[in-house]
Amino acid sequence: QVRLVESGGGLVQAGGSLRLSCAASKSIFSMAAMGWYRQAPGNQRELVATIGSGGRNYADSVKGRFTISRDNARNTVYLQMNSLKPEDTAVYYCNANLVTPGGLRNDYWGQGTQVTVSS
């Protein structure tokens, strides 16, 4: 079974930092592109950052503040979040996506971790 388990969320003051971790199962980690999404109350889930063979990609709202990385030996992807703003408050979800030989995309999601930034 593919499993993604997030950790590292919490309450932080504006301007502070948090590092989120996503531990993934070996069955998917080496083959999939990994990413972080977030969803605030009343909003749609949005892309925060991705990392894959093609490099890294970030939402405009987090460029220069967030960094996504992965440790293949530990099957873990990280999201380092610096200079946090209240608007970053959301539930953050780890994502793994894999394109099948038939060209279809499979997405896997963690349960999410809450990040709350106070002003």
Side-chain angles (χ1 to χ4, degrees):
Q1 294 294 125
V2 174
R3 286 182 169 81
L4 305 172
V5 182
E6 302 99 332
S7 62
L11 176 65
V12 67
Q13 293 176 295
S17 298
L18 285 173
R19 189 181 74 162
L20 306 183
S21 298
C22 173
S25 55
K26 289 184 177 181
S27 62
I28 192 67
F29 190 81
S30 64
M31 297 181 290
M34 304 295 297
W36 289 95
Y37 291 70
R38 67 187 182 187
Q39 187 168 21
N43 293 340
Q44 296 182 351
R45 189 171 298 185
E46 64 176 351
L47 172 70
V48 176
T50 60
I51 184 168
S53 60
R56 301 171 182 178
N57 187 54
Y58 297 94
D60 289 341
S61 60
V62 307
K63 286 181 179 177
R65 300 189 298 120
F66 291 9
T67 302
I68 188 171
S69 62
R70 61 193 294 165
D71 185 339
N72 291 336
R74 298 181 182 274
N75 301 127
T76 301
V77 62
Y78 304 95
L79 184 68
Q80 179 66 46
M81 304 185 295
N82 298 325
S83 302
L84 283 162
K85 305 174 181 179
E87 66 187 84
D88 295 317
T89 296
V91 177
Y92 284 71
Y93 296 91
C94 183
N95 168 264
N97 69 272
L98 176 67
V99 178
T100 69
L104 298 178
R105 172 172 170 164
N106 292 318
D107 281 285
Y108 302 91
W109 299 92
Q111 292 184 242
T113 185
Q114 177 71 48
V115 172
T116 303
V117 183
S118 62
S119 60

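- Heavy atoms only, all atoms of each residue included: Tyr58 and Ala49 are closest at CD2-CB, 3.6 Å.
- Taking both residues in full, the closest heavy atoms of Asn57 and Leu47 are given as ND2-CD2, 3.8 Å, listed atom of the first, atom of the second, then distance.
- Hydrophobic clustering (side-chain heavy atoms under 4.5 Å, transitive across Ile, Leu, Val, Met, Phe, Trp, Tyr) groups Leu4 together with Val48.
- Looking at residues two or more places apart in sequence or on another chain, you find a salt bridge (charged side-chain N to carboxylate O under 4.0 Å, His left out) between Glu46 and Arg38.
- Side chain of Thr89 to backbone of Val117: a donor-acceptor contact under 3.5 angstrom is found.
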Chi angles and distances behind the side chain to side chain contact (heavy atoms under 4.5 Å, CB included) call for Trp109, Val2: CA-CA 9 Å; Trp109 299 92; Val2 174; over 6 Å; no
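- For residues 42-119, the pairs satisfying disulfide bond (SG atoms under 2.5 Å apart) are Cys22-Cys94, with sequence neighbours left out.
- A distance of 10.0 Å separates CG in Asn97 from OH in Tyr108, rounded to the nearest 0.5 Å.
- Linking ILVMFWY residues whenever their side-chain heavy atoms come closer than 4.5 Å, directly or via other members, leaves Tyr37 and Met34 in distinct clusters.
- Residues passing the salt bridge (charged side-chain N to carboxylate O under 4.0 Å, His left out) test with Arg3: none are found, sequence neighbours excluded.
- Taking Gln114 as the reference, Thr116 meet the side-chain hydrogen bond (donor to acceptor under 3.5 Å, both in side chains) condition, with sequence neighbours excluded.
- Each of Leu104 and Met31 belongs to its own hydrophobic cluster when Ile, Leu, Val, Met, Phe, Trp and Tyr are linked at side-chain heavy-atom distances under 4.5 angstrom.
- Shown here is Gln111, whose CD atom has no more than 12 heavy atoms of other residues, nucleotides or ligands within 6.0 Å.
- Thr67 pairs by the side-chain hydrogen bond (donor to acceptor under 3.5 Å, both in side chains) definition with nothing, not counting sequence neighbours.
- The list of side-chain hydrogen bond (donor to acceptor under 3.5 Å, both in side chains) pairs with a residue in residues 5-21, not counting sequence neighbours, reads Ser17-Asn82.
- Among residue pairs with one or both ends in residues 97-119, those qualifying as salt bridge (charged side-chain N to carboxylate O under 4.0 Å, His left out) are Arg105-Asp107; sequence neighbours excluded.
- Proximity of Leu18 to Phe66: side-chain heavy atoms (C-beta onward) are nowhere separated by under 4.5 Å.
- There is a path of hydrophobic side-chain contacts, each under 4.5 Å, that joins Val115 to Leu79.
- With values rounded to the nearest 0.5 angstrom, Leu98 atom CG is found 4.5 Å from Ile28 atom CD1.
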Residues Val62, Met81; criterion side chain to side chain contact (heavy atoms under 4.5 Å, CB included); working and verdict: CA-CA 9 Å; Val62 307; Met81 304 185 295; over 6 Å; no
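- Looking at residues two or more places apart in sequence or on another chain, you find no salt bridge (charged side-chain N to carboxylate O under 4.0 Å, His left out) involving Lys26.
- Under the salt bridge (charged side-chain N to carboxylate O under 4.0 Å, His left out) criterion, the residue pairs touching residues 62-78 are Asp60-Lys63, Arg65-Asp88, Asp71-Arg74, with sequence neighbours excluded.
- Residue Trp36 comes nearest to Val77 through the heavy atom pair CZ2-O, 3.8 Å, listed as atom of the first residue, atom of the second, then distance.
- Under the salt bridge (charged side-chain N to carboxylate O under 4.0 Å, His left out) criterion, Arg45 pairs with no residue at all, not counting sequence neighbours.
- Closest approach of Ala14 to Ser119, counting heavy atoms only: CB-CA, 4.2 Å.
- Under the rule for a side-chain hydrogen bond (donor to acceptor under 3.5 Å, both in side chains), the partners of Ser27 that lie at least two apart in sequence or sit in another chain are Ser25.
- For the ring-ring contact (aromatic ring centres under 6.0 Å, His included) test, no residue two or more places apart in sequence or in another chain qualifies with Phe29.
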